[in-house]
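Here, residue 1 is the first one in the sequence, and each next residue gets the next number. Just so we're clear, the structure is a prediction, and the values are computed from it rather than from any experiment. When reading the values below, keep in mind they use all heavy atoms of this one structure, side chains included, and skip hydrogens, waters and symmetry mates.
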Amino acid sequence: GLHTGQFVYCGSKAQLAVGNVMPLGKMPEGTVISMVEEKASDRGRLARASGCNCMIVGHSDDGKKSRIRLPSGSRKTVPSTCRAVI
């Protein structure tokens, strides 16, 4: 988790570290994420509750879509430009 004084970075050039916000397309498969956007720039719609998380299952070949596994176990395809908190 996060701790006091930790720097949190947002953007496509952020490192893959807990607390940072990145587009789904820049994260590897198997990354555990939360606060995922359903559409680009909608400020997070999925996996927002305490203890909830999603996992990136895969990316499309063209890199425009990413597939995530929701807390319910179902899988959803969202644009790779959508952001999420690691």
Side-chain angles (χ1 to χ4, degrees):
L2 296 171
H3 58 81
T4 305
Q6 178 175 342
F7 289 98
V8 176
Y9 298 99
C10 180
S12 59
K13 294 181 181 169
Q15 292 181 348
L16 194 70
V18 174
N20 289 349
V21 181
M22 296 173 64
L24 295 176
K26 300 284 184 181
M27 298 181 200
E29 296 171 6
T31 306
V32 177
I33 53 177
S34 60
M35 192 76 170
V36 186
E37 294 178 335
E38 209 166 359
K39 299 175 193 145
S41 343
D42 71 358
R43 296 190 178 172
R45 294 278 185 255
L46 308 170
R48 291 172 45 126
S50 175
C52 288
N53 56 48
C54 292
M55 182 181 283
I56 298 179
V57 177
H59 301 290
S60 63
D61 293 333
D62 61 0
K64 294 190 176 184
K65 297 273 185 185
S66 293
R67 196 143 174 88
I68 57 174
R69 192 182 74 220
L70 300 175
S72 65
S74 63
R75 287 170 165 72
K76 186 172 182 76
T77 303
V78 293
S80 291
T81 54
C82 291
R83 297 169 298 181
V85 177
I86 302 168

With a 3.5 Å cut-off and sequence neighbours excluded, list the donor-acceptor pairs that the side chains of residues 31-42 form with protein atoms.
residue : atom : partner : partner atom : Å
T31     : OG1  : P28     : O            : 2.7
E37     : OE1  : S41     : N            : 3.2
E37     : OE1  : R83     : N            : 3.0
E37     : OE2  : R43     : N            : 3.4
E37     : OE2  : R83     : NE           : 3.1
E37     : OE2  : R83     : NH2          : 2.7
E38     : OE2  : K76     : NZ           : 3.3
D42     : OD1  : G44     : N            : 3.3
D42     : OD2  : E38     : N            : 3.3
D42     : OD2  : K39     : N            : 3.2

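- Interatomic distance, CD of E29 versus CD1 of I56, reported as 8.5 Å (0.5 Å rounding).
- Taken to the nearest 0.5 Å, the CG atom of L70 stands 10.5 Å off from the CG atom of N53.
- Both L16 and I68 belong to a single network of hydrophobic side chains, linked directly or stepwise wherever heavy atoms of I, L, V, M, F, W or Y lie under 4.5 Å apart.
- Remark: D62 engages S60, K64 in a side chain to side chain contact (heavy atoms under 4.5 Å, CB included) (not counting sequence neighbours).
- Formation of a donor-acceptor pair under 3.5 Å by the Q6 side chain with backbone atoms of G19 is not found in this model.
- Under the 4.5 Å side-chain heavy-atom criterion for ILVMFWY residues, no single connected hydrophobic cluster contains both V85 and V78.
- Two residues are said to be in side-chain contact when any heavy atoms from C-beta on lie closer than 4.5 Å; C82 and P23 fail this criterion.
- Within a 6.0 Å sphere centred on CZ of R69, heavy atoms belonging to other residues, nucleotides or ligands number 12 at most.
- Counting side-chain heavy-atom gaps under 4.5 Å among Ile, Leu, Val, Met, Phe, Trp and Tyr, the cluster of V8 also holds L2.
- Heavy-atom minimum distance, S66 versus H59: OG-ND1, 2.9 Å.
- Across N20 and Q15, no two heavy atoms sit closer than the pair ND2-O, 3.0 Å.
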